[in-house]
Amino acid sequence: MMKALAISVKKLRAMCGGCVMAAAVFVCAALMFFAARDAIGTKGNQKLVIAVIDNAASAESKAYIDMLEGMNSGAEVILCADKTAAEKLEKSGVAEGTLMIDNDFAEKLTSGESALNYTPAKGVSSSEAARELIAGTAVVLKARLNAPDYFSSLNGAASNADERARIDEAFIKHISDEDLPLEVSRIGSGVAASTVLGAFAPRYAGFCAFVMMLIVLMLGVFTGSDDARAVRMRMGSVEAGRAVDLAADLIALMLLGGAVFALSLIIKCERITVYSVICGFTYLLAASSLALLIGSCSSSARTEIAVPLTAFITSLAGGCFADLSSIETMKRLALFTPQGQYLDALNGSAASLAILAVFALLMLALSALIRFETVLRARIRKRRG
């Protein structure tokens with residue numbers, strides 16, 4: 001074991017291209033982790049900002065605007081005199097869309113006609129959330145406006161002050177319970193930082209998984225180079241040399257990957273649990289084993305062209321950049337990637353942790369088999385020559 005550790009340090013220096021390049025990897029990784037932590041942790045606007053053009057200027061339209069701002073503190077409204085003023089707010093990035101209230105707002109609303117027109121600004125991701133909020137508020141106001149007539153039809157007389165108060169109280173309860181008479185489709189299991197812009201929010205753990213996979217795969221390419229194969233041939237001539245060589249490569253990848261993983265935890269500045277460390281170690285073992293398999297299968301270091309793309313695609317499918325838990329097809333696809341299993345394990349899935357460990361052992365076994373076959377073929381060619 002000590003021999004493999006000593007050899008792994010030399011191999012790690014060769015994989016990185018020297019101590020300077022190894023330090024550069026740490027610096028770049030640290031900058032990426034800092035950027036991810038600050039970007040994900042940024043609160044941003046806590047409310048959806050909407051420019052409103054109130055063409056009706058009626059008591060009903062004013063009540064609607066008040067409800068829009070007050071309903072679960074969902075939106076911030078900026079009243080505009082015309083479309084030009086609203087477009088200026090959109091272009092400056094202040095407003096995320098423009099809501100136009102029709103002249104005969106109350107009549108259209110109570111009769112079930114379209115009385116609102118919302119136009120999202122270009123390039124914003126909050127259009128669906130804004131439409132849900134606007135439509136939901138309109139449905140509640142419509143119900144409030146129609147409630148006295150409905151009450152009168154049932155009782156044969158108009159409602160008094162106490163009865164109107166009870167009606168309003170019932171609607172307020174519906175609002176607080178989010179039990180609106182409207183079918184609402186939501187993307188994602190939650191909203192990051194309590195903002196409608198966070199339906200798809202990257203996770204720090206997922207970003208770290210992507211960075212670790214990318215670094216480990218890039219280093220693993222070296223094991224397929226001509227120099228590494230020459231060392232493997234010499235190691236194969238001594239007792240247990242092939243096992244020591246494979247162990248040294250694995251330890252080298254684990255050392256640098258583990259250091260990057262520790263760096264990500266330090267930069268995150270959160271309480272580290274034993275379980276999260278176990279998950280990270282198992283994922284790193286799986287990623288390193290996959291890197292060794294790719295290196296063992298490559299005829300040269302030419303696989304370095306495909307490695308970044310492989311790391312990115314598997315991370316994208318694994319949910320490193322978006323929460324795929326609400327999309328059933330993508331959720332199942334994510335479990336076919338090491339990143340998806342790792343993130344699932346972090347959420348408490350012991351089965352995913354076990355699958356990662358089995359995957360790592362399988363990749364190691366395949367790597368050892370391919371290396372043994374490669375060395376055997378080289379020896380046969382040498383004898384024939």
Do Tyr204 and Leu343 belong to the same hydrophobic cluster, where Ile, Leu, Val, Met, Phe, Trp and Tyr are linked whenever their side-chain heavy atoms lie under 4.5 Å apart, directly or via other members? yes
Roughly how far apart are Thr337 OG1 and Leu316 CG, rounded to 0.5 Å? 10.0 Å
With heavy-atom distances below 4.5 Å as the criterion, would you say the side chains of Phe261 and Ser264 are in contact? yes
Just verifying a value: how many Å separate Leu353 CG and Leu346 CG, rounded to the nearest 0.5 Å? 9.0 Å
Step by step, work out the side chain to side chain contact (heavy atoms under 4.5 Å, CB included) result for Leu109 and Glu60. CA-CA 10 Å; Leu109 186 64; Glu60 291 84 359; over 6 Å; no
Does any donor atom in the side chain of Asp54 or Ser61 lie under 3.5 Å from an acceptor atom in the other side chain? yes
Is there a path of hydrophobic side-chain contacts, each under 4.5 Å between heavy atoms of I, L, V, M, F, W or Y residues, that connects Leu293 with Ile251? yes
Cluster overlap Leu290 with Leu364, hydrophobic side-chain contacts below 4.5 Å: yes
Just so I know, are the side chains of Tyr283 and Met213 near enough to count as touching, which here means a heavy-atom distance under 4.5 Å? yes
In this structure, CD1 of Ile294 is separated from CE of Met218 (nearest 0.5 Å) by 11.5 Å
Before you tell me yes or no, could you show the steps for Phe222 and Asp249 under side chain to side chain contact (heavy atoms under 4.5 Å, CB included), namely the whole-Å CA-CA distance, both residues' side-chain angles and the distance that decides it to 0.1 Å? CA-CA 10 Å; Phe222 177 80; Asp249 285 338; over 6 Å; no
State plainly whether one hydrophobic cluster holds both Phe336 and Ile313, where clusters connect Ile, Leu, Val, Met, Phe, Trp and Tyr through side-chain heavy atoms under 4.5 angstrom apart. no
Student check: side-chain heavy atoms of Leu285 and Leu361 closer than 4.5 Å: no
So which heavy atom on Tyr342 is nearest to which on Ala205, and how close? CE2-O, 4.0 Å
Please report the closest heavy-atom contact between Leu253 and Val216, naming both atoms and the distance. CD2-O, 3.9 Å
Would you check if Val77 and Tyr64 make a side-chain contact, meaning some heavy-atom pair closer than 4.5 Å? no
May I have the list of side-chain donor-acceptor pairs in residues 79-92 shorter than 3.5 Å, sequence neighbours left out?
{"from": "Asp82", "atom 1": "OD1", "to": "Thr84", "atom 2": "N", "distance (Å)": "3.4"}
{"from": "Asp82", "atom 1": "OD1", "to": "Ala85", "atom 2": "N", "distance (Å)": "3.0"}
{"from": "Glu90", "atom 1": "OE2", "to": "Thr98", "atom 2": "N", "distance (Å)": "3.3"}
{"from": "Glu90", "atom 1": "OE2", "to": "Thr98", "atom 2": "OG1", "distance (Å)": "2.5"}
{"from": "Ser92", "atom 1": "OG", "to": "Lys88", "atom 2": "O", "distance (Å)": "3.0"}
{"from": "Ser92", "atom 1": "OG", "to": "Leu89", "atom 2": "O", "distance (Å)": "3.0"}

Flag yes if Phe34 and Leu265 sit in one hydrophobic cluster, no otherwise; membership is Ile, Leu, Val, Met, Phe, Trp, Tyr, and two members link when side-chain heavy atoms are under 4.5 Å apart. yes
Could you measure the distance from the OG atom of Ser289 to the CG atom of Leu246? Nearest 0.5 Å is fine. 8.5 Å
I'd like a table of donor-acceptor pairs (distance under 3.5 Å, sequence neighbours excluded) in which one partner is a side-chain atom from residues 273-281, with atom names and distances.
{"from": "Thr273", "atom 1": "OG1", "to": "Ser276", "atom 2": "N", "distance (Å)": "3.2"}
{"from": "Thr273", "atom 1": "OG1", "to": "Ser276", "atom 2": "OG", "distance (Å)": "3.0"}
{"from": "Tyr275", "atom 1": "OH", "to": "Ala345", "atom 2": "O", "distance (Å)": "2.5"}
{"from": "Ser276", "atom 1": "OG", "to": "Thr273", "atom 2": "N", "distance (Å)": "3.4"}
{"from": "Ser276", "atom 1": "OG", "to": "Thr273", "atom 2": "O", "distance (Å)": "2.8"}

If I compare all heavy atoms of Ile134 with all of Ile50, which pair ends up nearest, and what's the gap? CD1-CD1, 4.1 Å
Where Gln339 and Ser315 come nearest, the two heavy atoms and their spacing: NE2-OG, 3.0 Å
Note, Ile101 side chain near Leu116 side chain (heavy atom, < 4.5 Å): yes
Are Ile266 and Phe33 packed together at the side-chain level, in the sense that at least one heavy-atom pair is separated by less than 4.5 angstrom? no
If I take atom CD from residue Glu113 and atom CG from residue Asp102, how far apart are they, to the nearest 0.5 angstrom? 9.5 Å
Could you tell me whether the side chain of Leu292 reaches within less than 4.5 Å of the side chain of Met363, counting heavy atoms only? no
Heavy atoms, side chains only, cut-off 4.5 Å: are Gln341 and Leu335 in contact? yes
Give me the atom names and distance for the closest heavy-atom approach of Leu284 to Gly258. CD2-N, 3.1 Å
To the nearest 0.5 Å, what is the distance between CG (Leu366) and CG (Leu362)? 4.5 Å
Minimum heavy-atom distance between Asn103 and Ala56, given as atom pair plus value: O-CB, 3.3 Å
Which of parallel (below 30°), tilted (30 to 60°) and perpendicular (above 60°) describes Phe210 and Phe321? perpendicular
